[in-house]
There are 2 protein chains.
Amino acid sequence: MKSTADNPEKNQWKRSPCPIACTLDLLGDKWTLIVVRDLLMGRSTYSDFQNGPENIPTNILAERLKRLEHAEVLTREQYQQRPPRYSYHLTPKGKDLAPILKAMARWSNDYLPYTVKV
Amino acid sequence: MKSTADNPEKNQWKRSPCPIACTLDLLGDKWTLIVVRDLLMGRSTYSDFQNGPENIPTNILAERLKRLEHAEVLTREQYQQRPPRYSYHLTPKGKDLAPILKAMARWSNDYLPYTVKV
DNA sequence: TCAGTAACTTTAAAAATGAAAGTTTGTTAA
DNA sequence: TTAACAAACTTTCATTTTTAAAGTTACTGA
């Protein structure tokens, strides 16, 4: 029988209690941190994200926004009634992802050629 | 006609020249940084990685090791002739991924419940 | 010679991704 | 008053990736 501490159903983690693994359970894919990057840059609407240089597929974008909202990394708010318009904003939890992105940008600038310097 | 600067074939990047996007092109999935974490912890053999708490599928592990070797994040060396045995080690480029993992661990400890503190 | 181990490779099913078209709600120009 | 346009999605379906499981190769030690 599985102990509670080892059971991902009862806890938050899917693979192991390792903090790296837990972060990757939520953010470990090609698109999620692109959306966070855009939010950190001040972009806030669905079409802002959709029109980014990476051309995120719209169904992926919608799914990621829902996932991040559920994880309380961002909030969705209607800023206009008619026509209905929504904006997305980072929570403190979401803003605190900045050091991860900073470290990635730094590493990329140091080691990957043809990368835009930041 | 596509300009050279915008052509991912000629450059290293697949989606955009953004350093975040470039990093995610290489590392943006659920398993790659788990392998890097293990390497940073001093694990070095295929079975070391395979026996980690996350139970990485063996074909995924083999593919990731090849990809990281190709990207010069790690090296593979035969440390014994017979039976043939191999070990993997981070290059300076690989070791410099540590700040990214540190930032992830920090964020996880700050915001994700049931995570092991580091 | 037989079981066991490291380091993979192969296979087939399941899940995720990606490209494209479609939907809903409203605005604005003709 | 109708047609075109836009934001913010949803749906569909083909392709790609992931996963679990079994298989392979090279060798050791009993």
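Note that these values count all heavy atoms, side chains included, but never hydrogens, waters or copies made by symmetry. Order of the sequence lines fixes the chain letters, A, B, ..., with proteins taken first and strands second; residue numbering starts at 1 for each chain.
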*Close side-chain approach of B/Arg67 to B/Leu27, heavy-atom, < 4.5 Å*: no

_What contact category does A/Tyr46 fall into here, base, sugar-phosphate, or nothing, at under 4.0 angstrom with non-hydrogen atoms?_
base

Under 4.0 Å from OP1 or OP2 of [N]: is there any side-chain N or O of [X] that close?
X       : N      : result
A/Lys66 : D/dA8  : no
A/Thr58 : D/dC9  : no
A/Arg85 : C/dT27 : no
B/Tyr88 : C/dC8  : yes
A/Trp31 : C/dG18 : yes
B/Arg64 : D/dT18 : yes

_Upstream residue (5' side of DNA chain C) when A/Pro83 and A/Asn55 are each assigned their closest nucleotide_ = A/Asn55

*Name all residues meeting the side chain to side chain donor-acceptor pair (under 3.5 Å) criterion together with B/Thr23; count only those two or more places apart in sequence or in a different chain, and write none if there are none.*
none

*Identify which nucleotide among C/dA7, D/dA7, D/dC9 has an atom closest to any side-chain atom of B/Thr45, counting heavy atoms from C-beta outward.*
C/dA7

*Counting heavy atoms from C-beta on, name the nucleotide in D/dA26, D/dT18, C/dA19 closest to the side chain of B/Pro84.*
D/dA26

*What's the spacing between B/Gln80 CD and B/Tyr86 OH if we round to 0.5 Å?*
10.5 Å

*Atom CD of B/Glu54 and atom NZ of A/Lys14: how far apart are they, to the nearest 0.5 Å?*
13.5 Å

